[in-house]
4 protein chains.
Amino acid sequence: MVKNIAILGASGYTGAELVRLIATHPDMQIVGLSGERKAGMTMAEVFPHLAHLDLPVLQKIEEMDFSNVDLAFCALPHATSQEVIAALPGDLKVVDLSADFRLRDPAAYEKWYGKPHTQPELQKIAVYGLTEFYRDQIREARLVAGTGCNAATGQYALRPLIAAGAIDLDDIIIDLKAGVSGAGRSLKENLLHAELSGGTMPYSAGGKHRHLGEFDQEFSAIAGRPVEVMFTPHLMPFNRGILATVYVQGDAKQVHETLAKAYKDEPFLHVLPFGQVASTRSIGGSNFVHIGVVGDRRPGRTIVFAALDNLCKGSSGQAMQNANLMLGLDETTGLMFAPVFP
Amino acid sequence: MVKNIAILGASGYTGAELVRLIATHPDMQIVGLSGERKAGMTMAEVFPHLAHLDLPVLQKIEEMDFSNVDLAFCALPHATSQEVIAALPGDLKVVDLSADFRLRDPAAYEKWYGKPHTQPELQKIAVYGLTEFYRDQIREARLVAGTGCNAATGQYALRPLIAAGAIDLDDIIIDLKAGVSGAGRSLKENLLHAELSGGTMPYSAGGKHRHLGEFDQEFSAIAGRPVEVMFTPHLMPFNRGILATVYVQGDAKQVHETLAKAYKDEPFLHVLPFGQVASTRSIGGSNFVHIGVVGDRRPGRTIVFAALDNLCKGSSGQAMQNANLMLGLDETTGLMFAPVFP
Amino acid sequence: MVKNIAILGASGYTGAELVRLIATHPDMQIVGLSGERKAGMTMAEVFPHLAHLDLPVLQKIEEMDFSNVDLAFCALPHATSQEVIAALPGDLKVVDLSADFRLRDPAAYEKWYGKPHTQPELQKIAVYGLTEFYRDQIREARLVAGTGCNAATGQYALRPLIAAGAIDLDDIIIDLKAGVSGAGRSLKENLLHAELSGGTMPYSAGGKHRHLGEFDQEFSAIAGRPVEVMFTPHLMPFNRGILATVYVQGDAKQVHETLAKAYKDEPFLHVLPFGQVASTRSIGGSNFVHIGVVGDRRPGRTIVFAALDNLCKGSSGQAMQNANLMLGLDETTGLMFAPVFP
Amino acid sequence: MVKNIAILGASGYTGAELVRLIATHPDMQIVGLSGERKAGMTMAEVFPHLAHLDLPVLQKIEEMDFSNVDLAFCALPHATSQEVIAALPGDLKVVDLSADFRLRDPAAYEKWYGKPHTQPELQKIAVYGLTEFYRDQIREARLVAGTGCNAATGQYALRPLIAAGAIDLDDIIIDLKAGVSGAGRSLKENLLHAELSGGTMPYSAGGKHRHLGEFDQEFSAIAGRPVEVMFTPHLMPFNRGILATVYVQGDAKQVHETLAKAYKDEPFLHVLPFGQVASTRSIGGSNFVHIGVVGDRRPGRTIVFAALDNLCKGSSGQAMQNANLMLGLDETTGLMFAPVFP
């Protein structure tokens with residue numbers, strides 16, 4: 001039976017990506033779309049690339065009827081998201097794409113997001129949405145928190161290595177190259193084409209990026225001790241895609257084997273042959289992750305490359321994968337399409 | 001029943017795009033892939049973005065077994081294509097993506113492609129593959145000739161207008177902006193990133209582009225008299241997408257109505273509301289065409305904008321649409337996925 | 001003797017370009033920089049690429065001392081510009097880069113810019129800044145109005161042809177491809193990298209672009225009768241450069257000869273050999289204009305291509321060229337540097 | 001007195017950049033240009049952006065007259081370069097932009113470049129061309145070896161830190177983002193716009209990049225013991241610019257002070273205020289280097305960012321700076337022009 005889906009905050013990039021994914025999903029249909037400032041507009045007006053679809057007009061959230069909704073995707077800004085979700089019917093399944101429920105510790109939330117969480121009870125029940133590692137809990141969850149797109153990329157490179165004790169926990173560096181759509185449709189000077197294209201620069205360098213909260217939480221939990229990585233994101237002159245270049249101390253062959261073994265049955269995680277590197281161009285527009293491992297000339301030093309599409313596997317595709325689980329569907333439903341190249 | 005498909009010339013961009021399309025096509029499976037210079041390689045080696053698929057290894061054409069093949073896509077260079085198709089089993093359905101069978105007149109072929117056609121008998125039976133206008137013939141065809149990608153874009157803007165007598169036939173200008181993937185994966189200096197990105201320039205200006213052969217053939221046939229358009233393509237610093245800006249003399253409202261009426265039941269041809277313009281970003285990665293009509297400040301002068309994805313609707317998507325028809329499938333099967341934006 | 005220069009509105013792209021040009025100008029030095037919202041900041045903060053220069057801190061205009069200023073460049077938005085210039089010392093030489101003094105007719109200004117001009121007396125004395133055609137008047141002017149960047153490009157292609165009667169005045173089409181920096185450093189959704197890169201679309205199509213006011217004024221004055229061109233600009237995914245593709249009815253060889261003869265002594269206007277096309281990549285970062293002429297296959301139809309850098313020759317370079325004349329310097333001083341490629 | 005300059009290998013990107021620089025150099029003029037495959041062509045044909053210059057026609061090297069040449073730039077491929085330079089007049093000053101004379105140790109050359117050096121005597125007299133560190137020797141040199149562009153970027157970030165003992169020598173990681181023009185005008189599939197734009201990937205990862213030979217040589221010499229850095233270059237979808245993100249263990253403030261002090265009198269090396277990051281957009285088209293230092297949240301860990309233009313400061317600008325010294329001119333002559341932005 002086709003599931004009825006609502007998307008809250010459909011006028012941003014992750015909202016549009018959810019619509020794109022549902023358009024070819026055999027078991028889902030969209031019954032409601034919200035967009036505060038754009039309420040009353042059609043999606044064709046907000047996103048002309050969706051003009052061929054027959055979609056509900058954008059509404060304000062308070063006008064939406066959730067009585068027949070099976071699951072809601074919430075693609076609102078953080079801080080707003082927690083308020084909106086708290087006001088939804090208590091039994092409605094929700095996949096939240098904001099940062100509001102990624103961190104389990106209220107103190108950590110306040111540290112990284114600058115104000116106290118207003119819904120600590122919801123925070124407690126939320127499941128961290130990195131599908132491959134929280135699958136069983138996601139299946140039973142009422143509220144799943146989509147991960148940060150950078151946080152997902154780094155974790156795919158590192159989680160099995162930390163779990164297996166294959167690397168030095170005190171010397172992990174994630175140098176990340178992030179496509180600009182990760183910053184959303186926001187009007188900021190540094191996101192203008194004239195400023196951004198034709199070059200690159202780092203941002204939030206030196207332990208300041210909020211996704212460090214997720215790295216700290218997850219890696220420390222796996223290791224059973226505090227783990228603090230270095231993390232330097234760079235803004236890239238392309239729209240989709242993240243490449244994480246991860247420097248670790250550990251045997252390269254063992255690193256490769258650990259990752260290959262951990263992911264061998266994963267439909268979306270593809271570990272490349274030893275020595276091959278990953279490219280963002282090879283996963284663009286898809287839900288796949290490419291992971292490559294290369295040994296340095298100095299034994300014991302290894303570079304892991306992980307590439308994914310920030311809007312798909314890094315947010316809306318991940319959200320869909322989780323929604324499939326929450327609705328009792330096969331996890332891969334509607335997500336096995338190939339990347340777009342060139 | 002699932003149809004068995006072979007792709008000849010699978011190591012180029014249109015070949016890769018066919019594989020992408022078939023990967024989610026419910027009624028097709030790939031049973032053979034050819035690539036002359038890359039025979040023996042896997043598609044994952046040639047195109048890492050297809051690494052998640054279980055595909056046949058690339059073979060030489062002469063090694064392929066066509067006995068169980070229902071339809072072959074031929075994505076080879078022109079001149080080569082006619083030789084290869086002539087050597088295929090006589091009852092094999094073929095969709096050719098090269099330029100070899102687009103022109104019905106051997107003299108026209110020789111004029112635009114610089115040497116005589118070697119398979120005039122095949123040329124006679126080939127059907128021109130602009131689906132929306134040759135649907136019935138394509139359904140019955142053994143050999144369908146995919147159109148030029150630029151030629152398709154211009155024709156979507158103009159065919160109904162010429163047929164309806166809505167515009168002056170002697171003053172048609174097509175100023176076209178073409179993404180670079182239309183030039184294929186060929187090693188030419190002007191296709192290098194360092195040469196091409198960050199700017200634009202025209203090419204084949206002044207009535208020299210080969211797709212003029214198609215415009216001449218088709219427009220003259222519709223009009224019942226010779227029609228010669230001006231056509232100036234410009235190489236664009238992006239990978240996918242063609243925008244045709246078409247200048248015509250005719251009433252703007254009537255032009256819009258003529259196009260809207262002609263395409264109102266077409267699943268892939270979307271005429272925008274009067275006064276709206278088309279963008280290549282709104283159709284990227286999809287089989288849709290966006291068409292916009294704007295009137296100039298001087299009555300009687302009108303601009304028609306048509307945008308499509310050159311690799312999808314302009315070649316491999318069109319080929320798939322035609323293959324669906326030839327195999328008795330619904331024309332839209334496997335092609336209704338949404339564009340990728342941003 | 002070195003001339004003292006002030007730049008009003010130095011925090012935008014044309015302001016930064018003026019600073020770049022003056023940095024290597026042997027006869028100019030910057031004594032004042034204004035920036036309303038950014039007053040108090042250094043240029044290194046606003047434009048890190050100028051960090052190596054020793055420059056005045058940004059001030060508010062009302063705090064500037066004009067007593068020792070020889071010439072002021074005014075790079076403010078239109079409407080603001082006319083108010084600011086009216087309040088400057090009456091004998092101060094001014095090159096205005098806004099649209100405020102481009103149109104001589106107050107009614108035309110109101111038509112294209114939506115409100116009445118408040119300084120009609122200044123409007124009367126302003127000289128149109130297309131250097132090659134207004135050189136003598138510019139030399140004597142107190143106030144020179146920089147042209148629109150698109151308007152400059154189209155005029156370089158057309159003025160000599162109209163003057164010589166070499167083309168049909170009723171059938172001129174300017175299809176223009178414009179780099180995004182022409183839209184300035186403004187926070188608009190369509191100027192975001194994620195929206196704009198990777199594709200193209202037209203804007204202000206159908207006789208709505210304000211630079212038509214300049215085309216109408218100038219071409220009609222040359223022709224001695226009303227001339228109305230069609231003009232369709234397209235937003236391009238690159239930062240600098242404009243390519244005008246101009247369709248005219250006239251003999252191609254005669255068109256080429258007319259342009260070559262008209263510009264043969266011009267230091268910045270380069271007419272390419274007959275049949276060669278212009279590329280924006282060949283003039284980027286410079287004050288040069290490349291002009292190419294190609295004949296269509298149908299005799300009597302001709303395409304003229306003109307390419308220039310919108311921020312340099314299209315605005316700040318032109319302004320510098322005019323300032324040189326107004327200050328009694330050689331017109332080319334500080335402007336003969338080569339384009340940057342690749 | 002104006003110096004007479006020859007450029008050998010003028011048809012590549014570094015050759016074109018040299019012509020651009022000399023075009024506004026007050027004390028140099030070009031008297032000879034060589035280009036083997038393009039001999040007989042004009043530079044305007046090979047590089048239309050140089051069409052405004054009056055330049056010698058390209059010749060074969062053996063046809064060139066070096067009798068009146070004061071200095072030759074040699075912009076040929078490595079291996080070819082050593083043969084050509086050996087055949088030049090013995091007293092001709094030469095700045096070589098190839099890799100042939102960067103490594104002083106013949107064994108190191110053979111290791112990284114795969115064959116023995118054929119001119120070990122020349123190799124002995126060549127001076128490494130990192131101007132700021134070899135100034136005195138360059139002034140007296142007959143043959144100066146231009147550095148690798150990546151090698152220069154990494155060295156600007158690290159040399160003073162190694163010299164001062166401010167960082168751990170065994171844990172240095174250079175994650176480098178390199179614009180595509182560094183690969184030259186060569187016809188390789190991975191350099192095509194369709195392959196490269198819109199994403200990123202690493203190359204020569206794992207201690208395989210040849211510029212490691214320079215890092216090893218230089219850093220070990222400074223340290224007085226072997227130093228082996230990790231170095232991972234990434235191919236970037238832009239034309240000019242290199243950003244090195246360098247991870248070191250050392251106190252961030254001390255790192256910043258060490259660099260600021262070392263470079264405080266350097267005209268081209270600009271150390272940003274503590275905590276600021278560097279951007280390739282801020283140095284594009286110029287001879288400047290921007291260096292930023294950011295401390296990690298974990299004390300003792302520091303990130304140094306260095307940005308330069310690979311074609312200018314990374315090769316042809318450096319070559320010009322060295323040529324100025326060799327010819328007794330002020331080092332900065334013709335090189336103080338500002339970056340081009342946006």
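To find a chain, count down the sequence lines: A is the first, B the second, and so on, and within it residues start at 1.
Relative ring orientation between F341(A) and Y13(B) is described as perpendicular, the plane-to-plane angle rising above 60° on a 0-90° scale split at 30° and 60°.
Comparing H290(B), E17(B), Q276(B) by heavy-atom pairs within less than 4.5 Å of chain A, the highest count is held by H290(B). Chain B forms more heavy-atom pairs under 4.5 Å with one residue of A51(A), A16(A), S279(A) than with any other, namely A51(A). For the options G285(A), G284(A), S282(A), heavy-atom pairs under 4.5 Å to chain B are most numerous at S282(A). Interface remark: of the candidates P267(B), P273(B), P48(B), P48(B) forms the most heavy-atom pairs closer than 4.5 Å to chain A.
At a threshold of 4.5 Å between non-hydrogen side-chain atoms, the residues N287(A) and H52(B) do not count as touching.
Side-chain atoms of R20(A) never come within 3.5 Å of backbone atoms of V340(B) as a donor-acceptor pair (strictly under, hydrogens ignored).
Contacts of residues 331-339 of chain A with chain B at a heavy-atom distance below 4.5 Å involve M336(A), F337(A), A338(A), P339(A), listed in sequence order. Contact annotation for residues 179-198 of chain A against chain B (heavy-atom separation below 4.5 Å, listed by residue number): S181(A), R185(A).
Across all their heavy atoms, R281(B) and H49(A) have their closest contact at O-CB, 4.3 Å. Taking every heavy atom of both residues into account, N239(B) and P342(A) meet most closely at CB-C, 4.2 Å.
Contact annotation for F47(A): only side-chain heavy atoms (C-beta onward) come within less than 4.5 Å of a heavy atom of chain B. For a residue to count as touching a neighbouring chain, one of its non-hydrogen atoms must lie under 4.5 Å from one of that chain's; by this rule L272(A) does not touch chain B.
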